[in-house]
Number of protein chains: 2
Amino acid sequence: MKNTRQKEIILDAVNHLDNHPTADEIYLFLKKDHPRLSLATVYRNLNQFALEGKIRKVSVPGDSDRFDAVLDVHEHFYCEKCGLIHDVSIPGLEAQLLNHPTMKITDYKLMLFGECESCRAH
Amino acid sequence: MKNTRQKEIILDAVNHLDNHPTADEIYLFLKKDHPRLSLATVYRNLNQFALEGKIRKVSVPGDSDRFDAVLDVHEHFYCEKCGLIHDVSIPGLEAQLLNHPTMKITDYKLMLFGECESCRAH
DNA sequence: TCCTTTATGATAATAATTATCATTACTAAT
DNA sequence: ATTAGTAATGATAATTATTATCATAAAGGA
Ligand SMILES: [Mn+2]
Ligand SMILES: [Mn+2]
Ligand SMILES: [Zn+2]
Ligand SMILES: [Zn+2]
């Protein structure tokens, strides 16, 4: 509700770190230039931004949540070789999931697993 | 590797409790008749069974993991009204996800959210 | 039965996230 | 510009689910 320097730099960080960073990674990145920043403030604002739809929260089963400034519909793929999370486009998937005949589905969380292109090449 | 009474009753419990129970729910259910059972043993064996493919582990973002004895391909739907997890069949979904043109996808975790039929009726 | 090995039970440790609360600093009104 | 009111922050404690540790117990083969 009130504008703060912290909100500004945290949102900027999510926009500039395009690797689906965790709250802690964002915190460590910002701490270099803003040593008084608190991890609690990072969590608080990331969750608030996600609620407001300014960013996406990406749940990784058995691991920390990650954050994504890209709002276009896309899925996430966790490469079990390199550990990176890659964006994946699956056209028609969202419509297929949300148009279920009996259940009123309003949202979904999906994580794909496997081996990414670059790891397969090696 | 060794057969124990604990393995037997824990696997039986997952088969008997068809509500996608958590490790703790299984533990509390079994403790009534087996007061010496340890929660660590429940976790250990549930994870082992899941690795062996005897049961499924169902990840619920932001909540405890759940366990499922039904091995047939099906998805899970979390009703935000009643909090229950319902089974959902989405024919063709698995093939669509695993046959991605570029990524070698071998597995996925999906959780659907919305309002279930019975809650919508009220 | 005896021996070796693996599993168990009890509890400590871990790790991510949220809660608490005194202090700080926005914002708007004076 | 000063003030007053309110919301946000920073520091840290608490929470919660799960895993790790390790002494003891029990499985199963010889
Ligand atoms: Mn993304
Ligand atoms: Mn199920
Ligand atoms: Zn990779
Ligand atoms: Zn419901």
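Residue numbers start from 1 in every chain, and the chains themselves are labelled A, B, ... in the order their sequence lines are given, proteins ahead of strands. Reckoned from all heavy atoms, side chains included, excluding hydrogens, waters and symmetry mates.
Put simply, Gln6(A) has no side-chain N or O that comes within less than 4.0 Å of OP1 or OP2 on dA25(C). Contact annotation: Gln48(A) side-chain N/O to dA8(D) OP1/OP2 distance is not under 4.0 Å. Look at Asn47(B) and you won't find any side-chain N or O under 4.0 angstrom from OP1 or OP2 of dT18(D). At the phosphate of dA8(D), neither OP1 nor OP2 sits under 4.0 Å from any side-chain N or O atom of Asn45(A). The shortest distance between the side-chain N/O atoms of Thr41(B) and the OP1/OP2 oxygens of dG9(C) is below 4.0 Å. Contact annotation: Asn3(B) does not reach the phosphate of dT6(C) (side-chain N/O to OP1 or OP2, under 4.0 Å).
With contacts defined as side-chain heavy-atom distances shorter than 4.5 Å, the pair Leu112(B)/His86(B) does not qualify.
Under the 4.5 Å side-chain heavy-atom criterion for Ile, Leu, Val, Met, Phe, Trp and Tyr, Tyr43(B) and Leu17(B) are members of the same hydrophobic cluster.
What separates CG of Leu39(A) from P of dA19(C) is a distance of 14 Å, to the nearest Å. Leu46(A) places its CG atom 15 Å from the C1' atom of dT9(D), with the value rounded to the nearest Å. At whole-Å resolution of the value, OH in Tyr27(B) and P in dT11(C) are 10 Å apart. Whole-Å rounding puts the His34(B) NE2 to dG9(C) C1' distance at 15 Å. Whole-Å rounding puts the Ile26(B) CD1 to dA17(D) C1' distance at 14 Å. To the nearest angstrom, C1' of dT17(C) lies 5 Å from OH of Tyr43(A). If you take CD1 of Ile9(B) and P of dA26(D), they are 14 Å apart, rounded to a whole angstrom. Regarding Arg36(B), its CZ atom lies at a distance of 14 Å from the P atom of dT8(C), rounded to whole Å.
Closest contact between the side chain of Thr4(A) and the listed nucleotides dA19(C), dT8(C), dT9(D) involves dT9(D). Listed nucleotides: dT18(D), dG28(D), dT17(C). Nearest to the side chain of Lys2(B): dG28(D). Listed nucleotides dA10(C), dA16(C), dA11(D) differ in distance to Ser38(B); the shortest reach to its side chain belongs to dA10(C). When distances are taken from the side chain of Ala40(B) to each of dA10(C), dT17(C), dG10(D), the shortest belongs to dA10(C). Nearest nucleotide to the side chain of Arg44(B), out of dA25(C), dT21(D), dT18(D): dT21(D).
Within 4.0 Å (heavy atoms only), Asp63(B) reaches no atom of the nucleic acid at all.
Between Phe29(B) and His16(B), the ring center distance clears the sub-6.0 Å criterion.
Test His76(A), Lys57(A), Arg56(A) against Asp68(A) for side chain to side chain donor-acceptor pair (under 3.5 Å) and you get one pass: His76(A).
Nearer to the 5' terminus of DNA chain D, by closest-nucleotide assignment, is the contact made by Asp24(B) (compared with the other of Arg5(B) and Asp24(B)).
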**Request:** In sequence, state the C-alpha distance, the side-chain angles, and the governing distance for Glu8(B) and Arg5(B), and then conclude on salt bridge (charged side-chain N to carboxylate O under 4.0 Å, His left out).
**Result:** CA-CA 5 Å; Glu8(B) 192 183 318; Arg5(B) 179 124 194 76; 3.4 Å; yes

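With values rounded to the nearest 0.5 angstrom, Leu51(B) atom CG is found 11.5 Å from Leu46(B) atom CG.
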